[in-house]
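Notes follow once the structure below has been shown.
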4 protein chains.
Amino acid sequence: MTSFPAERGRPRDERSSAAIIKATAELVVESGYAAMSIGAVAARASVGKDTIYRRWSGKPELVYEAVFTTTDTADLPDTGTLQGDLTALVQSLIDEFSAPQAAAALPGLLADFAATPDLRATIRSRFLKPAKERLTEVFDRAQQRGEAGADLPVDLVLDTLAGAVFFHLGIIGERPAPDLARRIAAMIARGIEAR
Amino acid sequence: MTSFPAERGRPRDERSSAAIIKATAELVVESGYAAMSIGAVAARASVGKDTIYRRWSGKPELVYEAVFTTTDTADLPDTGTLQGDLTALVQSLIDEFSAPQAAAALPGLLADFAATPDLRATIRSRFLKPAKERLTEVFDRAQQRGEAGADLPVDLVLDTLAGAVFFHLGIIGERPAPDLARRIAAMIARGIEAR
Amino acid sequence: MTSFPAERGRPRDERSSAAIIKATAELVVESGYAAMSIGAVAARASVGKDTIYRRWSGKPELVYEAVFTTTDTADLPDTGTLQGDLTALVQSLIDEFSAPQAAAALPGLLADFAATPDLRATIRSRFLKPAKERLTEVFDRAQQRGEAGADLPVDLVLDTLAGAVFFHLGIIGERPAPDLARRIAAMIARGIEAR
Amino acid sequence: MTSFPAERGRPRDERSSAAIIKATAELVVESGYAAMSIGAVAARASVGKDTIYRRWSGKPELVYEAVFTTTDTADLPDTGTLQGDLTALVQSLIDEFSAPQAAAALPGLLADFAATPDLRATIRSRFLKPAKERLTEVFDRAQQRGEAGADLPVDLVLDTLAGAVFFHLGIIGERPAPDLARRIAAMIARGIEAR
DNA sequence: CACTAACCGAGACGGTACGTCTCGTCTTCAC
DNA sequence: GTGAAGACGAGACGTACCGTCTCGGTTAGTG
């Protein structure tokens, strides 16, 4: 049995945490990532700045948690084909990146992560982990069907899919065309199919 | 013949502009994009801050010009195959994004561009124009060879290629593997080839 | 009984205030009023600029407090004659206006006060209040002795005395002759004595 | 006969000088002395800044000339008494200091003069010379009448009169009461009369 | 029931950067 | 050489944030 050393002192108030997350999510949409300040979050949440810094080390960590932790990772359907599975996966990336909060936060947030060595090392595990698990499963199924070989480069394909969606929507700011997922998925699926 | 109304007043000193560009390029590598300040550029260039603001409207414009205007756009060789041509094109993207100045500047710079409506609208013409011209030429040659159809989506393929390279190198921070260009190009080339 | 609502937040640090006042007093002598900058005061006091602006609204208020609040208002002796009392009063004005800090600050400071409606309205209460109290007392004694009538114009006489000393020493820059107080006081005393 | 070496080049345009003086006089009233900038004067006068600096060494010199050189020095009437003559003289000081341009310019202008050694030395000759000549004449007449002795301290009396008026009107900002000149003059006249 | 420890809101703290303004000088072309 | 125009290096302005610190006060568990 694990025995925690009893926590001393007043416990943290979960209502403060919730108010901070809510204020952050609102402000990042209203002001944009760069213009959003910790002080403004504290004021909106009726909270002291220290209460924020006690829980998060800075703006990137805070915004990451406010925007990307509520995400629900629904299982992907098995469509029976690599291209169909990939289309569903790309569509889920599009949905995730197009949500107002994510759209407002992602470019600046990823830039801050990329600029900080400690944070950069965590990008794969934080932003890409669910997508990687799903892509791995899609690849497994494709290999079982014989559509693909055993040596598919998961990370590289994932970077390509995520990069394509992030760049097209997040950086360029293109609206997601209805068939965008299908077109990207078709291109990549054929590229990695066994010949 | 166009006749310019004679410019009045003291002309801008090109040496100041050059010193500012040089100082910017140095500082963006030394400090990173976010930590680089206009005041520090002015000090390093021995120039007043106004002399910078007179020429550029802010940090994004200044860094863009300092980092991405010196680029030489060498013509791509005709390798005889779509995959070969694409490999050369992706390699040029990798080289461009891996250069120390570009690597230091790109994530923050693109985030700032994406966050400013006026600037966002110019990303295609500023960052992607040379690559698009070359991709168009690659597609033309492929169509003439019968490798590809006439309806290739240039922008979408370009966003995918640039997004993949930018995300893989610029955001994730992966070092460019020697065969990276070949692997990405192979995947995309097969994806768009005529069947 | 007055009950103050408990002050919230971290209280202001009196050591910062003292360091700012000290730095201001030094710099106004070293640089002169016009050349003294808030930034230089902050640097000398090892204090952020906000810490100054939090306490004072600008240079005039800051310099006023640094230079004219330390003044000790010693009581005037009762010399037995109007002329003697006035001489003592004028001498105290001379001493006050001749002090290095006051000499360095006064012309520019009064000009800034005079140029700002809000501040102009406070000149009498800030700079002249102690002198007015003493002049009132001098007049009271003179009236009790029968040297003067009851309707002496305190403000006008005070403006004349202060103006004479300020103009002679502060503007013209004349050194105070040893008998300056006696000469001015004699002139004014005879001018207001009952005939 | 003195022969000037022929002036070379284009002669200075008197219309520029006039436009500068006019713009200065207007702006000092509109903006106040401190807020008036040379650049604004140049713009209003449709003149280059150099054209101003070629003629005046800085703001104090320019404003002095714009505001205090147009003054007409009408002769004082001989009223037959020291007090009457002094009243007329004080009234002329009041009129001079109350003019809108002078009122706007004087405190800051005198502060700048007082802060600059070169300029401080010229205050007597620039601002007080006409008044001193007139006061000397008033004293001469008083001495001829036997109202005053031969050793009257002209500079000290003048500093007192000018200081009283400048302080009362210019610094405190009091409106000139109709009998102000008479009251000041009466006080001083009795103070210096022979007993 | 006192004591101790961590949390809380508020806001002051030293510091840095911002983008604008003014200074007095310099550099161009036109007259 | 004078003129208007305007660029130049310098540096002050007052504001906004940063992340930390310091108050009085609250809320828990421990002795």
Side-chain angles (χ1 to χ4, degrees), chain A residues 6-13 15-16 35-40 42-43 45-55 57-59, chain B residues 5-17 19 34-43 45-55 57-59, chain C residues 6-17 19 34-43 45-55 57-59, chain D residues 7-13 15-16 34-40 42-43 45-59:
Chain A
E7 303 221 18
R8 313 235 296 166
R10 174 178 176 175
R12 291 188 181 165
D13 190 335
R15 290 170 304 177
S16 296
M36 189 204 82
S37 72
I38 299 283
S46 297
V47 138
K49 280 200 290 177
D50 261 19
T51 301
I52 298 180
Y53 282 110
R54 218 175 273 128
R55 291 162 164 77
S57 65
K59 188 157 73 162
Chain B
E7 302 220 20
R8 309 220 291 173
R10 177 178 175 174
R12 294 189 180 164
D13 190 335
E14 281 310 313
R15 290 169 306 179
S16 297
S17 303
M36 189 205 83
S37 73
I38 301 282
V41 171
S46 297
V47 141
K49 280 200 290 179
D50 258 20
T51 301
I52 298 181
Y53 283 108
R54 212 174 278 126
R55 292 164 164 77
S57 63
K59 190 156 73 162
Chain C
E7 302 217 20
R8 309 218 290 174
R10 176 178 176 173
R12 293 187 181 166
D13 191 336
E14 281 309 313
R15 290 170 304 179
S16 296
S17 304
M36 189 203 82
S37 73
I38 301 282
V41 172
S46 296
V47 140
K49 278 199 290 178
D50 258 19
T51 301
I52 298 180
Y53 283 109
R54 214 175 276 129
R55 291 163 164 77
S57 64
K59 190 156 73 161
Chain D
E7 304 220 17
R8 311 233 295 164
R10 175 177 173 177
R12 290 188 180 167
D13 190 336
R15 289 170 306 178
S16 295
M36 188 205 84
S37 72
I38 299 283
S46 297
V47 140
K49 281 201 291 178
D50 261 19
T51 303
I52 298 179
Y53 282 109
R54 219 174 271 129
R55 292 164 163 79
W56 296 277
S57 64
K59 187 157 75 163

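Since we're looking at a predicted model, the values are computed, not measured.
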From E/dA12, F/dG3, F/dC8, nucleotide with atom closest to B/R54 side chain: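 Given the options E/dA12, F/dG3, F/dC8, the side chain of B/R54 is closest to F/dC8.
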Rounding to a whole Å, what distance do you find between [X]:[atom1] and [N]:[atom2]?
X: A/Y53; N: E/dC7; atom1: OH; atom2: C1'; result: 18 Å
X: C/M36; N: F/dG11; atom1: CE; atom2: P; result: 18 Å
X: B/D13; N: E/dT28; atom1: CG; atom2: P; result: 9 Å
X: C/I38; N: F/dG14; atom1: CD1; atom2: P; result: 7 Å
X: C/R12; N: E/dG14; atom1: CZ; atom2: P; result: 12 Å
X: B/R15; N: F/dG9; atom1: CZ; atom2: P; result: 9 Å

Under 4.0 Å between a side-chain N/O of [X] and OP1 or OP2 of [N], yes or no?
X: C/R8; N: F/dC23; value: no
X: B/R55; N: F/dC8; value: yes
X: A/S16; N: E/dG9; value: yes
X: A/R10; N: E/dC8; value: no

Base-pairing string, 5' to 3', of DNA chain F - Watson-Crick or wobble, under 3.5 Å, | interstrand: |||||||||||||||||||||||||||||||
Partners passing side-chain contact (heavy atoms from CB on, under 4.5 Å) against [X] (at least two apart in sequence or in another chain):
X: D/A42; answer: D/K49, D/I52
X: C/A35; answer: C/S31
X: B/A45; answer: B/A19, B/I20, B/A23, B/V47
X: B/R54; answer: B/R12, B/D50, B/T51

Can you name the residues that form a side-chain hydrogen bond (donor to acceptor under 3.5 Å, both in side chains) with B/S17, not counting sequence neighbours?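 side-chain hydrogen bond (donor to acceptor under 3.5 Å, both in side chains) list for B/S17, sorted by chain: B/R55.
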Could you tell me which residues satisfy side-chain hydrogen bond (donor to acceptor under 3.5 Å, both in side chains) with A/R10, sequence neighbours excluded, listed by chain and number?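 For A/R10, no residue satisfies side-chain hydrogen bond (donor to acceptor under 3.5 Å, both in side chains) once neighbours in sequence are set aside.
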Those residues of residues 45-52 of chain C lying under 4.0 Å from DNA chain E by at least one heavy atom: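 Listed by number, they are C/S46, C/V47, C/G48, C/T51.
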Which atom pair, heavy atoms only, marks the closest approach of B/M36 to B/K59?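 Closest heavy-atom pair between B/M36 and B/K59: O-NZ, 3.0 Å.
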On DNA chain E, check which nucleotide each of D/G39 and B/P11 is closest to and give me the residue with the more 5' one.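 This one resolves to D/G39.
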